[in-house]
Every structure is written in structure tokens, then in C-alpha cells.
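One structure below.
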Amino acid sequence: MGPIMRSITSRKPIFADPWPFLRGWCRSPVAVGWPLASSWWSAQLIAAAALRAARSTSGPVVELGAGTGPVTEALLQLGCPLDQLVVVERDAEMCGFLETRFPGLRVLQGDALRLRETLARGGVTSTCVTVCGLPMRVVPPEAAERCYGDAFTLMPADGAVIQYTYGLRSPLAPAALAALDLRASFVGREWRNLPPMGVWRYHKRAP
Ligand SMILES: C[S@@+](CC[C@H](N)C(=O)[O-])C[C@H]1O[C@@H](n2cnc3c(N)ncnc32)[C@H](O)[C@@H]1O
């Protein structure tokens with residue numbers, strides 16, 4: 001993806017039907033993490049960070065754990081072309097909701113923690129930036145490291161993972177950062193989210 005290609009058409013908050021997300025949380029509370037989707041303000045912060053990082057032309061933006069699509073909506077609204085966005089979500093009802101909400105969007109139903117295999121099944125072999133909404137604080141460290149490792153293998157050297165979290169600290173612990181040779185930068189915190197949302201950017205250390 002190159003620089004932002006579409007002008008911003010609307011910057012008003014958009015509220016999607018909360019029930020599919022709530023049902024998803026009832027089915028799988030640990031994997032979904034919280035019964036409320038990200039707020040419009042958080043989604044704008046996350047999407048803007050992702051599109052700032054999406055400088056290369058070597059593949060689409062990939063969103064992991066798209067839920068019912070607040071961040072997807074913000075990515076599209078802030079200029080990511082529909083054909084340059086791929087989302088991965090494991091909950092079948094949420095995948096159906098995403099397909100209806102964003103006609104034409106590539107929605108891959110599958111396990112984002114097995115990222116390379118899941119993207120390969122959808123024909124995606126390279127990406128330019130990864131937006132991660134998976135609740136990494138409750139994911140076993142080996143699975144989180146594998147997921148991030150795959151994400152960085154698929155991206156160019158200057159690629160980044162934009163991760164959001166309800167925690168105060170980076171969801172990737174210092175040991176995992178060192179093992180993956182990554183640096184973490186704090187993007188910001190959005191207080192208009194229940195609970196407040198922190199956004200982190202992970203990128204490779206300069207050689
Ligand atoms: C914290 S919610 C974020 C949802 C949405 N992106 C938002 O900001 O409101 C986490 C999402 O990740 C999905 N998820 C959790 N584990 C997953 C996995 N291993 N593979 C794919 N999706 C997963 C959940 O179903 C849920 O929709």
C-alpha cells in the first residue's frame with residue numbers, strides 16, 4: 001500500500017449494532033476479551049497509526065481479530081482502499097457481520113495465532129502493516145511470539161505491528177521483545193473507550 005489514497009469522507013462517530021459482538025463475547029469471553037467493541041475514537045487512533053506505518057507497497061494492511069469492525073471502518077474511512085485490506089477473525093457470526101457491513105472486504109475466518117497458514121489459505125503471502133486486536137495479554141507467550149514472528153516475516157523490514165490493549169503496559173513483555181528483536185513505542189491512550197485503550201507500535205530494531 002502506498003500513501004493514503006482516498007480522502008476522508010466522514011469523521012462522525014459510527015455506531016454498529018452491539019449485539020453480534022456481545023454474543024461473540026458470551027460464546028468466547030477470553031478470546032473476545034471484553035463485551036464492548038472499541039470506540040470510534042480508539043478506532044481512529046489505531047487506524048491512523050497503522051496507515052502512518054503502511055509506507056511500503058508490498059502487500060495489504062492486515063487486521064487481526066476484527067470483531068464487528070470498528071477499526072476496519074476507521075481504516076477504510078481514513079483512506080485504506082478496500083482491496084488493500086484483509087481481516088482475520090475466528091468467530092463465524094462476526095465474520096458474517098463483517099461481510100455484510102463491508103461488502104467486498106476480504107474476510108478470512110481462521111486462527112490469527114497461526115498467521116502464516118491462515119493468510120496463505122487466503123492467498124496472502126506478504127503484507128505491509130499488521131493491526132492486532134487479539135487480547136495478547138491472555139495468549140500463551142509462545143503463541144504470541146509465533147504470531148508476531150509470522151507478521152514480521154510477511155512484512156518488509158520497516159513493517160510494524162500496531163497492537164491495542166486495555167492494559168497499562170506493552171502486551172509484549174521485554175523478554176518477548178528481545179527474542180523477536182523488536183522495539184516498542186507507545187502511540188497513545190484513548191480515554192473515550194470503556195475501559196481506556198492503549199495503542200502500541202512494534203517494529204524491528206534498526207540493524
Ligand atoms: C478485543 S476483541 C477486538 C475486536 C475489534 N477489533 C474491536 O476493536 O472492537 C478481539 C477479537 O479477536 C478475535 N480473536 C481472538 N482470538 C483470535 C484468534 N486466535 N484468531 C482470530 N481472531 C481471534 C475475537 O473473536 C474478537 O473479535
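Order of appearance sets the numbers: ligands from 1, and atoms from 1 within every ligand. Count residues from 1 along the sequence.
Counting heavy atoms from C-beta on, the side chains of R116 and T153 come closer than 4.5 Å. For the pair V187/R52, a side-chain contact is recorded, criterion being any heavy-atom separation below 4.5 Å from C-beta on.
Taking atom 15 (C) of ligand 1 as the reference point, the nearest protein heavy-atom neighbour is A31 O, 3.2 Å. Residue, atom and distance of the protein heavy atom nearest to atom 12 (O) of ligand 1 are G65 CA, 3.2 Å. Of the protein's non-hydrogen atoms, the one nearest atom 23 (C) of ligand 1 is L134 CD2, 3.5 Å. The protein non-hydrogen atom at the shortest distance from atom 8 (O) of ligand 1 is S38 OG, 2.5 Å. Of all protein heavy atoms, the one lying nearest to atom 2 (S) of ligand 1 is V32 O, 3.3 Å. When hydrogens are left out, the protein atom nearest atom 19 (N) of ligand 1 is D111 OD1, 2.8 Å; that is the closest non-hydrogen contact. Among all protein heavy atoms, the one lying closest to atom 20 (N) of ligand 1 is A112 N, 2.8 Å. The nearest heavy-atom contact from the protein to atom 5 (C) of ligand 1 is A66 O, 3.4 Å.
A heavy-atom separation below 4.0 Å is not found between G24 and ligand 1. Using a non-hydrogen distance threshold of 4.0 Å, W34 does not register as a contact of ligand 1. A heavy-atom separation below 4.0 Å is not found between A43 and ligand 1. Ligand 1 has at least one atom lying under 4.0 Å from a heavy atom of G133.
If you look at A37 next to ligand 1, the close heavy atoms, those under 4.0 Å, come from the backbone and the side chain alike.
The hydrophobic cluster containing L113, built from Ile/Leu/Val/Met/Phe/Trp/Tyr side-chain heavy atoms closer than 4.5 Å, also comprises V62, L64, V86, V88, L108, L115, L119, V124, L134, M136, V139, Y148, F152, L154, M155, V161, L172, L177, L180, L182, F186, W200, Y202.
More than 12 heavy-atom neighbours from other residues, nucleotides or ligands sit within 6.0 angstrom of CZ on R189. No more than 12 heavy atoms of other residues, nucleotides or ligands shown are found within 6.0 angstrom of CZ on R183.
Using a 4.0 Å cut-off to heavy atoms of M94, the atoms of ligand 1 that qualify are 27 (O). Within ligand 1, the atoms closer than 4.0 Å to a non-hydrogen atom of G110 are 20 (N), 21 (C), numbered from 1 in the order shown.
Here the closest heavy-atom approach between residue L76 and residue C80 is recorded as CD2-O, 3.3 Å. Contact between S42 and M197 at its shortest, heavy atoms only, is OG-CB, 3.6 Å. The minimum heavy-atom distance linking A66 with L98 is given by the pair CB-CD1, 3.8 Å.
The pair D181-K204 does not count as a salt bridge, with every side-chain nitrogen at least 4.0 angstrom from each carboxylate oxygen.
Of the possible polar contacts, one joining the E89 side chain to the G67 backbone as a donor-acceptor pair under 3.5 Å is found.
Of the candidates E73, E63, E89, M136, the one placing a heavy atom closest to atom 27 (O) of ligand 1 is E89. Selection from E93, R114, R90 by nearest heavy atom to atom 18 (C) of ligand 1 gives R90.
Hydrophobic clustering places Y166 together with L36 (ILVMFWY residues linked when any side-chain heavy atoms are closer than 4.5 Å, directly or through intermediates).
Between D91 and ligand 1, no pair of N/O atoms sits closer than 3.5 Å.
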